[in-house]
Number of protein chains: 2
Amino acid sequence: MASHNSKATIWDVAAEAGVSITTVSRYMNGTQRVGPAASEAIERAIRKLDYLPNANVRSIKLRQTRTVAIIVPDISNFFLARVCRRVEHLLYQAGYALIIGSTGNNVEKEHRCIRSMLERRVDGLLISSAGQNNDLLRRAAADGLPMVLFESPQPDLGGVDYVLEDNRANARLITRTVLEHGHRKISFLKGFAHSTLAEERWLGFCDALAEAGLAPEDALVWENCRDRTDCAPVLEALRRQPGLFTAVIASTPEQMKFLVMEARRQKVSIPGQLSLTGFGIEDYTALFPFETTCILSDPLANADALVALILHRMAQARDGENFGEPQRRIIPCRFAQGDSVGRV
Amino acid sequence: MASHNSKATIWDVAAEAGVSITTVSRYMNGTQRVGPAASEAIERAIRKLDYLPNANVRSIKLRQTRTVAIIVPDISNFFLARVCRRVEHLLYQAGYALIIGSTGNNVEKEHRCIRSMLERRVDGLLISSAGQNNDLLRRAAADGLPMVLFESPQPDLGGVDYVLEDNRANARLITRTVLEHGHRKISFLKGFAHSTLAEERWLGFCDALAEAGLAPEDALVWENCRDRTDCAPVLEALRRQPGLFTAVIASTPEQMKFLVMEARRQKVSIPGQLSLTGFGIEDYTALFPFETTCILSDPLANADALVALILHRMAQARDGENFGEPQRRIIPCRFAQGDSVGRV
DNA sequence: ATGAAAGCGCTAACAC
DNA sequence: GTGTTAGCGCTTTCAT
């Protein structure tokens, strides 16, 4: 079987059609009218040779790749998968392809991902960064690369666009709800240690507690819960020591899911024995065996904002315009009133 | 702010370091020794200029992009998201980047996705095709593009590698289980109309029925169930006409999920009033409020096979070797014995 | 160990 | 309307 280097080039098409490569180029891109005779000959040659222009070569003259990159901690995460799907679709409609990098919250991998995207000269970069690579990102931004960050704010990385949710306010709101239901012993599951997203949710929790004259209790705070095995101990503790806490707040949809699974396994009834709330996603938390009271993120709205911003920046970059003020879009979340938080 | 065309080239580095571009190239790629003095000067120049080689330009000389594409109906689908995550990771480790296309089972979009990937000269293509683009795929394969199909077999597209599950046998197995539990009125949810994957599962269902001397009843077969709204009528029918069927088999994990959600909403107890089974995924069906009896697909095993095959083919293509026999890997599924199928 | 120069496949002035 | 030609930024003979 032939190696696929056997691809036809514009020269082959030109020769076959008996015209110059310029004419072929013009025909392909519609940059200029070409005569009907030539058109037909070229069309025939293209079909005969199965000609497909080489986009990489094109990109070097055009100085744009019509590719944007998205870098996220985990594409199989429900929220991010939804974001990616819509971003891919919207960009596709705008004539861009999407390259995805999934970093697993590994700083080293994220670094190499970013580098790789830069070497590929993507026209734009969408990134939910775990942090620690801000110097690299800053340089890229300073170089004029259209870029929008999302999910996790990077306080030391200004001058770029952000798409965020108000995690602190939302965490405060949900915590207040729990307090209003009479709970005083409230457990909190923190997320990935280095994530500013997780940190903000934690701060919002503390805010609400403070407003009620309370303070977080060490014994009720669970660090770095990323896995089902990280979440199991929470319910085990409760069973060992009934009354240790009456409500638990999860700071990610995954944590909620793990808690639901563990609650079933360990036969802890929700909200009977334990109230559960936190951060969810529509169409995900819907599967839980109760109406979930929680803050609902909207992946589609996030994606829409991301695409709107990056397209805008890329247009500016193409036209050599000044970028102007960095944008900061806060995507509102919905407060879902369910029955997973009971009165105490 | 400067346009990001302000990128340094190999010429800039050479000039800054006082050497020729050849030397810089050799230094970057380690293709040949360069003197210590030159090395240091180049290193300094690179840092100073923030030089990042242009991968697209490189690719045209090297005749490889170190990029592979994966095209799937929906990246936010749990199974595919998991597959993509692992494929991305494995390929990344092998030095390849992954471009993802999500087609929404739209033939037109799939076609343009494939074309786009070919124009980008990806070194390999992984695709779960909805069908109907087999001529394009066949030409690509004939051109020597390493390619492996998965999920949905394309009977008219031979000579390429496949990673599949034995859907027909698995559907037969799960149906037989339902029959063995005494069910005779069994409802079946078919999947996306044009999907050969869905078709195979349907055939396996028919096989088992036939073995038991039964035949599918039109009133119990639901076509083209892709959404929650497609699944709701199933349970509504049962409530309108109790005893219409005693068990339901879903042909995709999503259908199972929708049925679970609807069962809760419509207050149909599983397996009390209705037995439920079908095709699931570990860590997904785990969330259901019962132990699910079903066939479990293994996204990781699928991904491993995909990557192993494509890497092998790409190595062959690079070395100009003959491709030899097409491979066909059947990934085994696990039969999960739960309690969602009751005795009748 | 280093450099000059010939491409890779394409686009875009600039001629005609 | 069409062709000539000079690049785009890089790798790679082939000399030195």
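We name chains A, B, ... by the order of the sequence lines, and we start the count at 1 in each one.
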Distance check needed: D:dC10 P versus A:Glu119 CD, whole Å only. 10 Å

For C:dT2 and B:Arg33 - does any side-chain N or O of the residue sit under 4.0 Å from the phosphate oxygens OP1/OP2? no

What is the separation between atom OH on A:Tyr27 and atom C1' on D:dT2, rounded to the nearest whole Å? 16 Å

Between N or O atoms, less than 3.5 Å apart, protein on one side and nucleotides 3-7 of chain D on the other: list the pairs.
unit_1, atom_1, unit_2, atom_2, d
D:dG3, OP2, A:Ser20, N, 2.8
D:dG3, OP2, A:Ser20, OG, 3.2
D:dG3, OP2, A:Thr23, OG1, 2.7
D:dG3, N7, A:Arg26, NH2, 2.9
D:dG3, O6, A:Arg26, NH1, 3.2
D:dG3, O6, A:Arg26, NH2, 3.1
D:dT4, O4, A:Thr22, OG1, 2.8
D:dG7, N2, A:Lys61, NZ, 3.0
D:dG7, N3, A:Lys61, NZ, 3.1

Under a plain distance cut-off of 3.5 Å, with no hydrogens placed, do B:Arg318 and B:Gln316 share a side-chain donor-acceptor pair? no

Report the distance from atom CG of B:Leu52 to atom P of D:dC10, rounded to the nearest whole Å. 10 Å

So for atom CD, which belongs to A:Gln93, do other residues, nucleotides or ligands contribute more than 12 heavy atoms lying within a distance under 6.0 Å? yes

A:Asp12 CG to C:dC8 P: how many Å, rounded? 11 Å

Rounded to the nearest angstrom, tell me the gap between atom CD1 in A:Ile60 and atom C1' in D:dC8. 4 Å

Kindly indicate whether a cation-pi arrangement holds for A:Arg313 with A:Phe323, taking the cut-offs as under 6.0 Å to the six-membered ring centre and within 45° of the axis. yes

Roughly how many Å is it from CG in A:Asn56 to P in D:dT11, rounded to a whole number? 14 Å

For B:Asn54 and C:dG9, give me the distance from atom CG to atom C1', rounded to whole Å. 14 Å

Side chain to side chain donor-acceptor pair (under 3.5 Å) between B:Ser129 and B:Glu110, intermediate numbers included: CA-CA 8 Å; B:Ser129 173; B:Glu110 185 181 289; 2.7 Å; yes

Quick check: on DNA chain C, is the nucleotide nearest B:Ala38 upstream (toward 5') of the one nearest B:Val57, or the reverse? Name the residue that is more 5'. B:Ala38

Between B:Asn29 and D:dT11, does any side-chain N or O lie under 4.0 Å from OP1 or OP2? yes

Between C:dC10 and A:Ser25, is there an OP1 or OP2 to side-chain N/O distance shorter than 4.0 Å? no

Scan side-chain atoms only and decide if B:Arg58 and B:Asn29 contain a donor-acceptor pair under the 3.5 Å cut-off. yes

Which one, D:dT11, C:dC8, D:dC10, comes nearest to the side chain of B:Leu62? D:dT11

Using the C1' atoms of the five pairs at each end, what is the angle between the end axes of the helix from C:dA1-D:dT16 to C:dC16-D:dG1, to 10°? 30°

Could you verify whether a donor N or O on one side chain and an acceptor N or O on the other, from B:Thr196 and B:Gln154, lie under 3.5 Å apart? no

Nucleotide C:dA4, atom P - distance to CD1 of B:Ile10 in whole Å: 13 Å

Examine the side chains of B:Arg120 and B:Ser116 and answer whether a donor and an acceptor come within less than 3.5 Å of each other. yes

Under 4.0 angstrom between A:Arg58 side-chain N/O and C:dT11 OP1 or OP2: yes

Take atom CZ of B:Arg138 as the centre, draw a 6.0 Å sphere, and report whether it contains more than 12 heavy atoms from other residues, nucleotides or ligands. yes

OP1 or OP2 of C:dC10 under 4.0 Å from side-chain N/O of A:Tyr51: yes

Check: A:Glu16/A:Tyr51 side-chain N/O donor and acceptor closer than 3.5 Å: no

Taking everything shown except A:Gln132 itself, do over 12 heavy atoms lie less than 6.0 Å from its CD? yes

